[in-house]
Amino acid sequence: MARSDQIAQHYLDKLERIRDRGIDPYPHSYHRTHTAQEAVSLFEHQETSPHAVPSSELSLAGRITASRFMGRIAFFDIRDGSGKIQLYFGSDILGSEKYESLADLDIGDIVGAKGKLFRTKTGEITLEVADFTLLAKSLQPLPEKWHGLVDIEKRYRQRYLDLISNEEVKPAFTLRSQIVAALRRFLDQRGFLEVETPVLQPLAGGALARRFKTHHQALDQNLFLRIALELYLKRLIIGGFDKVYEIGHVFRNEGISTTHNPEFTMLESYQAYADYTDVMKMVEDMVCYVAKEVVGRTEVEFGGERIDLAPPWRHVTLREAIKDRCGIDFKDYPETASLRARMEQLGIQPDPNKDRGRLVDELISTFVEPSLIQPTFLVDYPVEMSPLAKRKEDDEQLAERFEAFVGGMEIANAFSELNDPVEQSKRFEAQEQALRQAQSTTPELTGATTQDGEPEVEVIDDDFILALEYGMPPTGGLGIGIDRLVMLLTDKQSIREVIFFPQLRAK
RNA sequence: GGGCCGCUAGCUCAACAGGUAGAGCAGCUGACUCUUAAUCAGCAGGUUCAGGGUUCGAGUCCCUGGCGGCUCACCA
């Protein structure tokens, strides 16, 4: 018999023994009076306050994480959502028959226990068990108690095991929830309205990324998972909601890395009668607020660097930042060809399909981004890489756009939203043209079509143009990658450590 | 998609230079009335990711494939 089968058989034998004794191994409910942590606090309080009511019987419940049998007494550790507590079993208290039935419990089982609290000789607050109940039988052995679950693949595929056996995993996820809650509080306090817009979209615009396709049977129509929240939120601004935001998953059919998951959480907000300078101020305040709320301070450690999130953040134009780092002033190279030639002089071999906007983007990611450890706004982007952003009044080559970088990661992208429908239409056309050109030379890159001939990337959204034609107020818009913000505040170097179930190839 | 690295018992890890696959935890049997990585004695447990090849002999070397990690590309 294989060992795993042998182990399984032991569990099944126990299950049968339990049932034979008339015990339901999966009872319907159990009412605990305290969590493990509440019990510990209660006992400590009673010890220190002379007037406190003496400890009466209480009941706890949790998963058995360790058992130590010592003849006619035994100690178990159980863990619930609040933490760990020790249980003490004595055959003199329980009676020998009940005590013997402890043998049917395994590490991993969920149990309820009631009794009184006391301190052991070694000082640990412990429940002296007067009675216990099996609440759920486990039929699988848990990972090793000391090292926990190390195998990274298994940690992600069976996250519940990771959470059970690696205590240090849970806090980042708890913090994640607190971060999202704090973001909501911040925006709600400022009068933003949280809204929901379609995940299934006939076009999937608002960014330039390959999309996931699906099909609606009743409509007999292809639909796409959204790659951004932008275009629907702007429709709501047009409709008269002056401050809206949405927190939700977007889906991009691109590569997976330590900073990219195919589905990730985006916060987008739009504020009518604001521009990108207003948004910039809000981003500083918001990130600072969240840090104070969830970690209690604005200084955080990330990847061995000490980062201070307190405003004001450093502010530098994109043009200056690139010039400082590699000596190229993109303003001197208004043509794609000349910029590429200049980059090649520096030994860079840019992809031949890249247009000027993407070349500038390559300069950012190669020379600028890695150095942006302390919070920094890069301001004023070339208009060709910002098709949804308004041009600057005094420089039509640049758009009123900024990105915020912290810890070498882009965490926010914002602009004064383009609200001129005719201009927007032209920008879409230009983008479309650039895409088709790239597609003609290298179909496997972005711009390719799927097997049935549908474009993987689509940019022209006539329905959105129609909406703009009714008039959108001047608006400041913002996008924040929540996962990366969580990485920053939890000092995690991989996005998979802040997403419960990261995408993996099916086995 | 490219490069590099990894995959051995349920879990965590060994196995010199190609020579009988081992240990700890978990499990099982037994001892033990304050342990906490409990301790002690014993037992059981393996398709070494899969398939091919080289060799007298492969966990180890070679090839193909699978899955994962890092990284590059992609992700305006």
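Chain letters run A, B, ... following the sequence lines, proteins first, then strands; residues in each count from 1. Bear in mind the structure is a predicted one, so any value in this text is a computation, not a measurement.
Residues A:Ile256 and A:Gln431 each lie close to RNA chain B; by heavy-atom proximity, the contact nearer the 5' end of the strand is made by A:Ile256. Nucleotides of RNA chain B nearest to A:Gly148 and A:Ala506 differ in position, and the one nearer the 5' end is that of A:Gly148.
Regarding contacts with the backbone of B:rU35, every side-chain N or O of A:Lys121 stays at 4.0 angstrom or more from both OP1 and OP2. Between A:Lys14 and B:rC28 there is a side-chain N or O to OP1 or OP2 distance below 4.0 Å. Contact annotation: A:Arg358 side-chain N/O to B:rC74 OP1/OP2 distance is not under 4.0 Å.
Residue A:Glu384 contributes atom CD, which lies 10 Å from atom C1' of B:rA76 at whole-angstrom precision. Between A:His260 atom NE2 and B:rC72 atom P the separation is 11 Å, expressed in whole Å.
Panel note: side chain A:Thr120, backbone A:Glu124; a donor-acceptor pair is recorded below 3.5 Å.
Among the heavy atoms of the strands lying under 4.0 Å from A:Thr258 are primed sugar atoms or P, OP1, OP2 only; no base atom is included.
A salt bridge links A:Lys234 with A:Glu417: at least one charged nitrogen is closer than 4.0 Å to a carboxylate oxygen. Of the charged side-chain nitrogens involved, at least one lies within less than 4.0 Å of a carboxylate oxygen, so that A:Asp380 and A:Lys392 count as a salt-bridged pair.
Only the C1' atoms considered, B:rG19 is 29 Å distant from B:rG65, to the nearest whole Å. Annotation: B:rU47 and B:rC32 have their P atoms spaced 37 Å apart (nearest Å).
Candidate nucleotides B:rG68, B:rU35, B:rA38 were compared by shortest atom distance to the side chain of A:Gln86, and B:rU35 ranks first. Listed nucleotides: B:rA26, B:rA76, B:rC28. Nearest to the side chain of A:Pro387: B:rA76. In this structure, the nucleotide among B:rU33, B:rU12, B:rC28 sitting nearest to the side chain of A:His10 is B:rC28. Residue A:Thr126 places its side chain closer to B:rU35 than to any other of B:rU35, B:rC11, B:rC74.
Ring pair A:Phe132/A:Phe89 is perpendicular by interplanar angle, where above 60° counts as perpendicular and below 30° as parallel.
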Item to complete: Show your working on salt bridge (charged side-chain N to carboxylate O under 4.0 Å, His left out) between A:Glu400 and A:Arg391 and close with a plain yes or no.
Response: CA-CA 6 Å; A:Glu400 290 193 353; A:Arg391 283 180 206 272; over 6 Å; no

